[in-house]
Amino acid sequence: MKYKDYYAALGVDKTASADNIKKAYRKLARKYHPDVSKEKNAKEKFQEVSEAYETLKDPEKKAAYDQLGTYQPGQDFRPPPDWEQHFNSGGANAGGFSFDEMDLADLFAGLRGGAGTRGFRGGGGRARRDVQIPGEDFEVTATISLEQAFQGTMLELNLQFPEYDNEGRVKRVPRVFKARIPPGVTDGERLRLAGKGGKAINGGRDGDLYINIKLLPHRLFRVSGRDLYLDLPLAVWEAVLGTSVEIPTLSGTVRLKIRPGTQAGQHLRLAKRGLPKPGQEGDLYAIVQIAVPASVSDKEKELYTQLSTASTWNPRAHFDTETRSETGTH
Amino acid sequence: MKLELTEAVWLDERGIVTLVELAECSGLSEAELRDLVDLGALEPLNPDSSDWSFGAQCIVAARAASRLRSDFELDTQSLAVVLSLLERVQELEMELQRVHARLPRLHR
């Protein structure tokens, strides 16, 4: 089993009072709680902090933890021999039980004392046979590409769930889920796989598995809800004279007519070319940009010069008008 | 290793859950959920009925409420305030994402 320094996780020393431990937890929880925090690795940090607090807030668990001795974080260690005996005692024969497979948190979750995260487990590490204990819910984030979101996809999730046996002992069990994600899912959406979380004990309700969908950034399209945005660069003459251009969409290329006099920044809407959802299909917006070549040939330069001489158009005419009216009001 | 094939259910307005189901999914009691509705933090689809139903997206909010309540030892009143603020943050984040999506990227 790997050692974890619960005091270091909370930033307190071993002599800290229960009050100071609570204060330290609250401060860190406010900083890292995944529901309110924008810190990087908030979820992992909060898990560390709450795991430490679960043990240190409970005098009995704290005493047991102190009894383990001190090791380097991550260092392999074995709990004292009488602990193994305690975990092996009573009930069914603990065939195959070993501390090596356990996580430190699971060890303390199985100890008598204050309620754990799921209000578990009276009776010296053993669940009472007549008490129904619901399975734990789990939440995972699944990252998928925009193309997968558009077409729908089969998501394969390889997860490790802690599972308790009837004696209240825990083992990490690998589980693989295949979940069909229908077309049209978008960033931040949640899905629920009912009953696919932790197993219940003594006939309680199995936990659920929640999936948070995260979309990978796309090289061309930006996503907002089910709408997609695409930059559409046009050459000056294309915007002035009008043209017809090919636009990539998630369902293939389409041809779009550009009207003469199209302005930079205009949003050209391609209805229902965004992410699908019955009755609420997203649209694709092509945002016009006037692109300027980085370098021009002598011939092009000559033509631009001719154009600048021939044209009387002043793109900044409104500067004058606006400045005059401003001056006029003062 | 066992492979489990399953259909995912959306947590959005397409799904509907009862008060009992919402309590079951979130770990909050029905009384706590009723308080959150009274305080305006959760909104049933049929507020005038005696038998409330909710959009499945309420499961997300109710689960967050349940975590916040236990991790910060919050009372229902504080919980309602936190949930309202979280909802506003989420709306603003969506608005920000929309604004970012509409901003052209500079091409070289």
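Numbered from 1 within each chain, the chains take letters A, B, ... in sequence-line order.
Not one N or O on the side chain of A/Tyr229 forms a donor-acceptor pair closer than 3.5 Å with the backbone of B/Arg98. Of the possible donor and acceptor atoms, one in the side chain of A/Arg222 sits under 3.5 Å from a partner among the backbone N and O of B/Leu103.
Counting non-hydrogen atoms of other residues, nucleotides and ligands closer than 6.0 Å to CD of B/Gln90 gives a total of 12 or fewer. Open room surrounds NZ on A/Lys22; 12 or fewer heavy atoms of other groups in view lie less than 6.0 Å from it.
Inspection of non-hydrogen atoms places B/Ile59, B/Val60 of residues 35-61 of chain B under 4.5 Å from chain A. Along residues 15-33 of chain B, the residues that come nearer than 4.5 angstrom to chain A, judged on non-hydrogen atoms, are B/Glu24, B/Cys25 in order of number.
Options B/Arg102, B/Glu73, B/Arg67 differ in how many heavy-atom pairs under 4.5 Å they form with chain A, and the most are formed by B/Arg102. Here A/Val185 is the residue among A/Leu157, A/Val185, A/Leu155, A/Val173 with the most heavy-atom pairs under 4.5 Å with chain B. Residue with the most contacts toward chain A among B/Met94, B/Gln97, B/Arg14: B/Arg14 (heavy-atom pairs, distance under 4.5 Å).
Interface residue A/Ala29: backbone and side-chain heavy atoms are both found under 4.5 Å from chain B. With a 4.5 angstrom heavy-atom cutoff, A/Asp187 touches chain B only via side-chain atoms. The contact between A/Pro182 and chain B is made by backbone and side chain atoms together, counting heavy-atom distances below 4.5 Å. For A/Val292, no part sits under 4.5 Å from any heavy atom of chain B, backbone or side chain. Residue contact with chain A, scored on non-hydrogen atoms closer than 4.5 Å, involves the backbone and the side chain of B/Asp71 alike. For B/Glu93, the part lying near chain A is the side chain, with the backbone staying farther off; criterion is any non-hydrogen pair under 4.5 Å.
Sorted by first and then second residue, the side-chain hydrogen bond (donor to acceptor under 3.5 Å, both in side chains) pairs with a member in residues 78-88 of chain B read B/Asp75-B/Ser78; sequence neighbours excluded. A salt bridge (charged side-chain N to carboxylate O under 4.0 Å, His left out) check over residues 54-64 of chain B, counting only residues at least two apart or in different chains, returns the pairs A/Asp137-B/Arg63, A/Glu139-B/Arg63.
You'll find the side chain of A/Val36 reaches within 4.5 Å of the side chain of B/Leu68, heavy atoms only.
In plain terms, the two heavy atoms of B/Pro104 and A/Ile287 that are nearest each other are CG-CG2, 4.3 Å. Between A/Asp35 and B/Ala64, the closest heavy-atom pair is OD1-CB, 3.9 Å. The minimum heavy-atom distance linking B/Glu13 with A/Gln280 is given by the pair OE2-NE2, 3.5 Å.
For the atom pair CD (A/Glu189) and CG (B/Leu11), the distance works out to 9.5 Å, reported to the nearest 0.5 Å. Note that CH2 of B/Trp10 is 10.0 Å distant from CD1 of A/Ile211, once rounded to the nearest 0.5 Å.
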